[in-house]
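Here's the structure we're looking at; comments come further down.
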Amino acid sequence: MMEMLGLVAASSYAQHIDFVFNMIFWITAFWLLLAEFVFFYLILRFRKKAGVKGQYITGELASEKRWITIPHFAVLLFDVVILFFAVKVWYEVKQNLPQAADQQLVRVIGQQWAWTFVHAGPDGKLDTPDDIIKVNELHVQVDKLHIFQLESKDVLHDFSVPVFRLKQDVIPGRVITGWFTPTKTGEYDIQCAEICGIGHALMPARIVIETSDQHAAWMAENSTVAVASATAP
Ligand code: CUA
């Protein structure tokens with residue numbers, strides 16, 4: 001469905017989230033169409049006819065109750081299937097925090113009404129002099145695990161990257177840790193997805209997913225320490 005709607009999937013878990021969405025869509029579509037079909041069939045089949053008296057059906061007979069109990073249990077069974085996959089994907093994206101030797105760190109700070117991204121820089125550590133700080137512009141490397149720390153300076157915001165199928169509330173006073181692994185290069189939208197005041201709609205940003213060469217070049221260009229050492233005599 002998402003791909004049909006033209007929304008690119010650019011993270012390692014995007015397709016898993018789409019799978020749950022699609023599954024729910026098709027299961028509910030199936031039951032909706034079936035119920036409507038039976039509904040209209042019964043209306044037409046038992047409509048008023050000359051010489052036929054109306055029946056008053058109370059639904060107390062076992063043969064009549066089956067029309068409720070069997071679909072009821074079938075729907076419950078599908079609910080269990082949906083729950084199973086929903087919990088599985090939720091665990092993968094939100095509960096689990098993968099680790100990799102070459103993971104990239106980034107701090108994401110929301111405020112009224114902008115995003116600040118603190119990239120760890122060449123040393124891979126936050127809060128060191130080579131950090132690269134950008135407003136409304138996040139640079140990441142394709143196929144690399146990124147660990148983000150979400151912070152807010154004021155109110156609730158929500159860090160949403162539609163191509164990643166990632167959406168996470170930002171809560172003042174808390175540091176929320178999460179992860180993503182981009183799988184496609186390109187430039188995409190970041191949105192704030194939580195009403196955070198009059199400027200909420202003016203709180204978009206961009207994510208640039210680069211190849212390792214492009215990312216290294218961007219780092220060399222932007223890190224003050226790298227620039228200083230490159231220009232030192
Ligand atoms: Cu920040 Cu809406």
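Index from 1, following the sequence. Both counts, for ligands and for their atoms, begin at 1 and track the order of listing. What's counted below: heavy atoms across the whole structure, side chains too, no hydrogens, waters or symmetry copies.
- Between Arg165 and Asp18 the shortest side-chain heavy-atom distance falls below 4.5 Å.
- Checked against a 6.0 Å centroid threshold, the rings of His119 and Trp218 count as neighbours.
- Glu210 and His215 are linked by a side-chain donor-acceptor pair at a separation below 3.5 angstrom, with hydrogens and angles left out of the test.
- Residues Lys167 and Gln191 bring no donor and acceptor atom of their side chains to less than 3.5 Å of each other.
- In summary, the side chains of Asp158 and Ser160 do not present any donor paired with an acceptor at a separation below 3.5 Å, with no hydrogens or angles considered.
- Using bins of under 30°, 30° to 60° and over 60° for the plane-to-plane angle, the ring pair Trp31/Phe78 lands in the perpendicular bin.
- Protein atoms of type N, O or S found under 2.8 Å from atom 1 (Cu) of ligand 1 total 4.
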